[in-house]
Chemist: 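Take this structure, written in structure tokens, and hold onto it; I'll ask about it next.
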Amino acid sequence: MKQAIHLAKPTVIFIMGVSGVGKSTIGALLAKQLEIPFFDADDYHSEANILKMSQGQPLTDHDRHDWLHALNTLAVAQLKTNSCIIACSALKASYRTILETTIAAATKWVFLHGSFQQIKERMQHRSHHFMTSDLLQSQFDTLEIPQNALSIDIHVSPEEMVAKIQENLPLKAQFGLIGLGVMGKSLCRNLAQKGVRISMYNRHVPEVEEDIAINFKKEFEELSSALPFDDLPAFVNSLKTPRKIMLMVNAGTAIDAVIENLLPFLSQGDSIIDGGNSNYKKTKERFEFLKSKGIHFIGAGVSGGEEGALKGPSIMPGGNAKAYQQVQPFLERIAAKDKNGVPCCSYVGNEGSGHFVKMIHNGIEYVEMQLLADVYTLLKAKGNTPDQIADILETWKSTKNSYLLEITCTILRKKEGDDWLVNKIMDTAGNKGTGNWAIIATAELGVPSTLIASALFARYASFYKAERVAANKQFNPQQHTAPKSSLEDLHKAYQFARIINHYQGFKLIQEASERFKWALNLSELARIWTNGCIIRSDYMIELATIFKTTHNLFAHQNTVQALKARKSAIQKVVAESVLHELPIPSISNAIHFFTGYTTANSSANLLQAQRDYFGAHTYQRKEDDTGQYYHTDWQQH
Ligand code: NDP
């Protein structure tokens with residue numbers, strides 16, 4: 001079904017030109033498409049004027065005076081409720097001044113023009129028009145060509161003329177974005193580059209945040225048709241219904257504040273997309289709350305940072321599947337494309353599942369980063385400079401490249417003066433909270449995502465800089481001697497740990513999918529992470545295929561073979577790191593997890609006995625396969 005196109009703000013469109021140029025035809029057609037009223041100025045002439053014209057006498061300015069004022073009154077009255085179109089010859093500048101009195105800012109002039117001969121022929125074909133073709137010349141003589149009008153040549157079809165007019169009207173925007181920070185700005189530019197008519201809003205904070213949207217629009221050519229706002233009702237009104245509004249504001253209370261401010265201006269059926277890193281539980285709450293108000297809420301994870309948002313991020317939208325269809329064309333248009341050209345944006349599942357998987361994406365990202373940091377620790381201990389480390393890592397790209405491996409090489413080569421910049425950066429790592437949430441989620445779900453914990457806690461530990469320096473003096477660790485493990489072993493250890501990282505990340509997603517009945521598609525998730533996002537890699541491309549056949553990475557023969565082939569290497573690397581006092585928290589955790597996971601008979605029997613001893617928690621027995629629970633009085637002899 002063809003959707004109606006609406007004007008961004010109430011506007012009076014005057015279609016002007018000499019008689020016979022087609023003002024009424026074009027005006028009526030345009031009004032029909034814009035779904036606004038149409039008025040023909042000829043219908044507002046006095047009896048005396050009509051008589052005069054039918055007798056072939058041109059009207060004087062005096063004759064026109066009351067008529068022009070009546071049309072102005074009509075336009076002013078219409079503007080109070082809606083836009084409208086008025087077809088009126090308005091040949092002289094002075095007439096136009098009367099017509100737009102007090103409403104110049106809301107007036108749009110469209111000037112239809114053609115040759116004398118062309119119009120004369122048209123007039124001769126009309127039977128019931130009171131204007132005779134004899135008056136045409138006097139109209140041409142009177143015409144003062146407008147300077148501020150959209151000029152439309154009548155030699156093309158009425159449909160083409162209307163299309164041309166529409167292109168130049170302040171039409172309602174197709175998509176709105178709130179929050180012009182790092183991500184919001186890039187997404188606006190991406191949308192505009194893809195031909196989406198957007199409205200952009202940033203709050204107004206006197207003397208702090210002023211004219212953000214207006215100034216941003218001025219900076220980039222692609223935003224020339226974007227509508228900038230710092231007034232929320234005007235922003236909402238500028239959007240075509242059902243409205244699609246994306247929030248790129250900080251997660252937490254800012255989201256609730258924006259939703260609260262928006263709600264009074266929204267209509268049933270509008271959609272809000274939260275593209276920030278919101279907590280998935282809050283997304284579920286907001287989803288339910290907005291559902292009760294008839295507003296759709298899509299919690300969409302967006303990955304790729306500033307550059308990804310501009311060139312094509314990976315997008316993970318969750319919420320109501322039907323509501324997603326409304327925003328799907330826009331999100332898919334701006335998303336990165338996979339190797340087959342398919343958008344890296346796919347409906348994830350119900351409720352907060354989009355934000356959940358984004359949170360785990362970030363957890364996997366923490367680990368991928370820490371693994372490279374661990375590698376850096378070991379290669380540095382071997383006496384390599386950052387450039388030499390980059391040279392080594394460069395050779396790893398051919399096996400299984402990743403975005404993070406690539407940027408790490410570039411980072412390591414960056415120099416400032418005589419020294420490498422990385423050497424000058426304080427070794428305390430920040431975080432924005434998604435790793436923390438991932439660990440809370442994994443604990444709540446009872447899934448051992450030990451690598452995300454190792455990477456998160458490594459960041460936390462890094463923060464105790466002063467204490468670390470003091471402890472270093474206190475415990476006087478051995479003078480570091482270079483670890484002997486080969487580069488090949490180190491590479492294998494890194495690859496082994498990456499497999500464990502991806503196993504754990506997808507395992508956590510699978511467990512959440514079952515617990516929350518989200519029916520998540522692991523293969524599709526891996527696919528949308530093959531481009532645009534921070535954890536894109538050659539391995540992710542493989543995983544998109546592997547997850548088509550199994551949910552359990554460890555059950556796949558490729559994984560089994562890959563781990564077996566690298567196990568002894570990681571054992572050597574980790575053992576050496578302990579002896580050389582080199583902290584590699586994530587690589588070492590990978591082999592510890594693996595060893596525990598592949599242990600058929602663990603020490604948990606002793607834990608159960610201890611629990612039963614002090615808390616009568618009971619235990620099950622190996623020889624009893626009924627699953628019955630037993631309790632022992634441990635002190636009785
Ligand atoms: P910025 O801090 O750059 O921008 C935040 C925006 O939110 C600003 O426009 C700010 O307005 C606005 N804002 C904050 N509080 C309010 C409020 N109470 N009312 C209205 N507007 C408000 O953040 P980013 O663009 O980096 O991030 C936005 C979201 O995207 C976050 O959730 C972030 O976690 C997520 N994200 C960020 C990525 C990144 O690489 N930066 C990657 C992926 C996701 P003002 O300028 O007036 O303060």
Side-chain angles (χ1 to χ4, degrees), residues 176-191 198-217 219 228-233 235-236 245-263 265 272-283 286 297-318 331 334-336 344-345 352 354-366 369 403-404 407 430-438 528-529 532-536:
L177 195 140
I178 293 182
L180 301 177
V182 174
M183 293 295 281
K185 280 184 171 169
S186 289
L187 286 175
C188 279
R189 291 184 59 201
N190 187 346
L191 282 155
I198 53 166
S199 285
M200 320 180 289
Y201 168 89
N202 201 84
R203 64 179 168 175
H204 173 92
V205 182
E207 291 176 27
V208 185
E209 303 287 341
E210 293 188 349
D211 294 335
I212 301 288
I214 290 175
N215 291 333
F216 172 50
K217 176 185 160 92
E219 265 181 79
F229 296 92
D230 61 7
D231 175 74
L232 201 57
F235 164 79
V236 175
I245 301 173
M246 186 158 190
L247 315 184
M248 282 316 288
V249 305
N250 308 90
T253 51
I255 297 282
D256 292 314
V258 174
I259 290 176
E260 198 184 313
N261 293 339
L262 261 178
L263 260 181
F265 309 107
I272 298 176
I273 308 160
D274 173 9
N277 280 332
S278 290
N279 186 296
Y280 75 101
K281 288 184 179 173
K282 293 297 290 180
T283 300
R286 289 169 186 141
F297 188 63
I298 309 285
V302 177
S303 173
E306 184 178 15
E307 195 188 357
L310 177 62
K311 295 183 179 164
S314 169
I315 309 179
M316 299 141 245
L331 298 187
I334 58 169
C344 291
C345 169
H355 278 141
F356 183 90
V357 299
K358 172 66 197 321
M359 174 181 79
I360 306 309
H361 163 289
N362 285 17
I364 296 172
E365 175 186 305
Y366 275 45
M369 292 167 73
Y403 168 74
L404 283 167
I407 67 161
N431 76 92
K432 288 236 169 125
T434 41
N436 171 1
W437 291 344
I528 64 173
W529 289 345
C533 69
I534 306 296
I535 58 172
R536 60 185 185 263

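Atoms within each ligand, like the ligands themselves, are counted from 1 in listed order. By convention here, the first residue in the shown sequence is residue 1.
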Chemist: Sequence neighbours left out, cut at 3.5 Å: what donor-acceptor pairs do the side chains of residues 207-216 make with other protein atoms?
Modeler:
from   : atom 1 : to     : atom 2 : distance (Å)
Glu210 : OE2    : Glu207 : N      : 2.6
Asn215 : ND2    : Asp211 : O      : 3.1

Chemist: Return the option from Asn261, Val249, Thr434 holding the heavy atom at the smallest distance from atom 31 (C) of ligand 1.
Modeler: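 The residue whose heavy atom sits nearest atom 31 (C) of ligand 1 is Val249.
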Chemist: For Glu307, give me all partners under salt bridge (Lys or Arg N to Asp or Glu O under 4.0 Å), at least two apart in sequence or on another chain.
Modeler: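 Scan of Glu307 (salt bridge (Lys or Arg N to Asp or Glu O under 4.0 Å), adjacent residues dropped) gives Lys311.
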Chemist: So, the side chain of Ser314 versus the backbone of Ile528: is there a donor-acceptor pair under 3.5 Å, distance only?
Modeler: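 Between the backbone of Ile528 and the side chain of Ser314 there is a qualifying donor-acceptor contact (under 3.5 Å).
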Chemist: Just checking Glu219: does its CD atom have more than 12 heavy atoms from other residues, nucleotides or ligands closer to it than 6.0 angstrom?
Modeler: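 Enclosed.
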Chemist: Distance to 0.1 Å, residue and atom name: give those for the protein heavy atom nearest to atom 19 (N) of ligand 1.
Modeler: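 I find the closest protein heavy atom is Val258 CG2, 3.6 Å.
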Chemist: With heavy atoms of Ala251 as the reference, note each atom of ligand 1 found under 4.0 Å away.
Modeler: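 With Ala251 as reference, the close atoms of ligand 1 come out as 32 (O).
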Chemist: Any nitrogen or oxygen of Gly181 lying under 3.5 Å from a nitrogen or oxygen in ligand 1? Just yes or no.
Modeler: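 Yes - when backbone and side-chain N and O of Gly181 are compared with those of ligand 1, one distance drops under 3.5 Å.
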Chemist: Aromatic rings Phe356 and Tyr280: how do their planes relate, parallel, tilted or perpendicular, breaks at 30° and 60°?
Modeler: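 Taking Tyr280 first and then Phe356, their aromatic rings stand perpendicular (interplane angle over 60°).
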Chemist: Can you pull out the closest protein heavy atom to atom 43 (C) of ligand 1? Residue, atom name and distance to 0.1 Å, please.
Modeler: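 Going atom by atom, the protein heavy atom closest to atom 43 (C) of ligand 1 ends up being Val302 O, 3.1 Å.
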Chemist: Look only at the side chain of Ser303 and the backbone of Ile534, and say whether a donor-acceptor pair between them is shorter than 3.5 Å.
Modeler: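 Checked: pair present.
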Chemist: Provide, to 0.1 Å, the distance between atom 30 (O) of ligand 1 and the closest protein heavy atom, together with that atom's residue and name.
Modeler: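 Minimum-distance protein heavy atom for atom 30 (O) of ligand 1 reads Met248 CE, 3.5 Å.
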Chemist: To the nearest 0.5 Å, what is the distance between CD1 on Ile198 and NZ on Lys217?
Modeler: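 The distance works out to 9.0 Å.
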Chemist: Need the ligand 1 atom indices (1-based, order shown) with element for anything under 4.0 Å from a heavy-atom of Gly179.
Modeler: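 Per the distance check, 9 (O).
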Chemist: For atom 47 (O) of ligand 1, what's the nearest protein heavy-atom neighbour? Residue, atom name and distance, please.
Modeler: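 For atom 47 (O) of ligand 1, the nearest protein heavy atom is Arg203 NE, 2.8 Å.
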Chemist: Are any of the side-chain heavy atoms of Thr434 and Tyr366 separated by less than 4.5 Å?
Modeler: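 They are in side-chain contact.
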Chemist: Does Lys358 approach ligand 1 within less than 4.0 angstrom via side chain, backbone, both or neither, non-hydrogen atoms only?
Modeler: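 Within the 4.0 Å criterion, Lys358 contacts ligand 1 through side-chain atoms alone.
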Chemist: Identify, for atom 40 (O) of ligand 1, the protein heavy atom at the shortest distance, and state residue, atom and that distance.
Modeler: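 For this ligand atom, the closest protein heavy atom is Gly305 CA, 3.4 Å.
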Chemist: With a 4.5 Å cut-off on side-chain heavy atoms, are Val249 and Ile255 touching?
Modeler: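 Of all side-chain heavy-atom pairs linking Val249 with Ile255, at least one is under 4.5 Å.
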Chemist: How far is atom 15 (N) of ligand 1 from the closest protein heavy atom, and which atom is that?
Modeler: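 That would be Ala254 CB, 3.5 Å.
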Chemist: Does Ser303 reach ligand 1, in the sense of a heavy atom lying below 4.0 Å from it?
Modeler: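 Judged by the 4.0 Å heavy-atom criterion, Ser303 does not count as contacting ligand 1.
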Chemist: Any chance you could measure Leu180, atom CG, to Ser186, atom OG, to the nearest 0.5 Å?
Modeler: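 Leu180 atom CG to Ser186 atom OG measures 10.5 Å (nearest 0.5 Å).
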Chemist: Does an N or O anywhere in Gly276 fall below 3.5 Å from an N or O of ligand 1?
Modeler: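 N/O-N/O distance under 3.5 Å: no.
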Chemist: Kindly determine whether Ile245 and Tyr201 satisfy side-chain contact (heavy atoms from CB on, under 4.5 Å), including the steps that lead there.
Modeler: CA-CA 10 Å; Ile245 301 173; Tyr201 168 89; over 6 Å; no
Chemist: Can you check whether Glu209 has an N/O within less than 3.5 Å of an N/O in ligand 1?
Modeler: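 Yes.
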Chemist: Please write down residue, atom name and distance for the protein heavy atom closest to atom 26 (O) of ligand 1.
Modeler: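 Looking only at protein heavy atoms, the one closest to atom 26 (O) of ligand 1 is Val182 CB, 3.7 Å.
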Chemist: Give yes or no for whether the N/O distance cutoff of 3.5 Å, strictly under, is met between Asn202 and ligand 1.
Modeler: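 Yes, Asn202 has an N/O under 3.5 Å of an N/O on ligand 1.
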Chemist: With a 3.5 Å distance limit and no angle check, can you tell me whether His355 reaches the backbone of Met316 through a side-chain donor-acceptor pair?
Modeler: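 The answer is no, because no donor-acceptor pair under 3.5 Å joins these two groups.
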Chemist: So which of Val205, Asn250, Asp274, Val208 gets nearest to atom 14 (C) of ligand 1, if we judge by its closest heavy atom?
Modeler: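 It is Asn250 that holds the nearest heavy atom.
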Chemist: Does Asn277, backbone or side chain, put an N or O under 3.5 Å from an N or O of ligand 1?
Modeler: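 Between Asn277 and ligand 1, an N or O pair is found under 3.5 Å apart.
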Chemist: Checking a contact table here: which protein heavy atom is nearest atom 27 (O) of ligand 1, and how many Å away?
Modeler: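 Scanning the protein heavy atoms, the shortest distance from atom 27 (O) of ligand 1 goes to Met183 CG, 4.0 Å.
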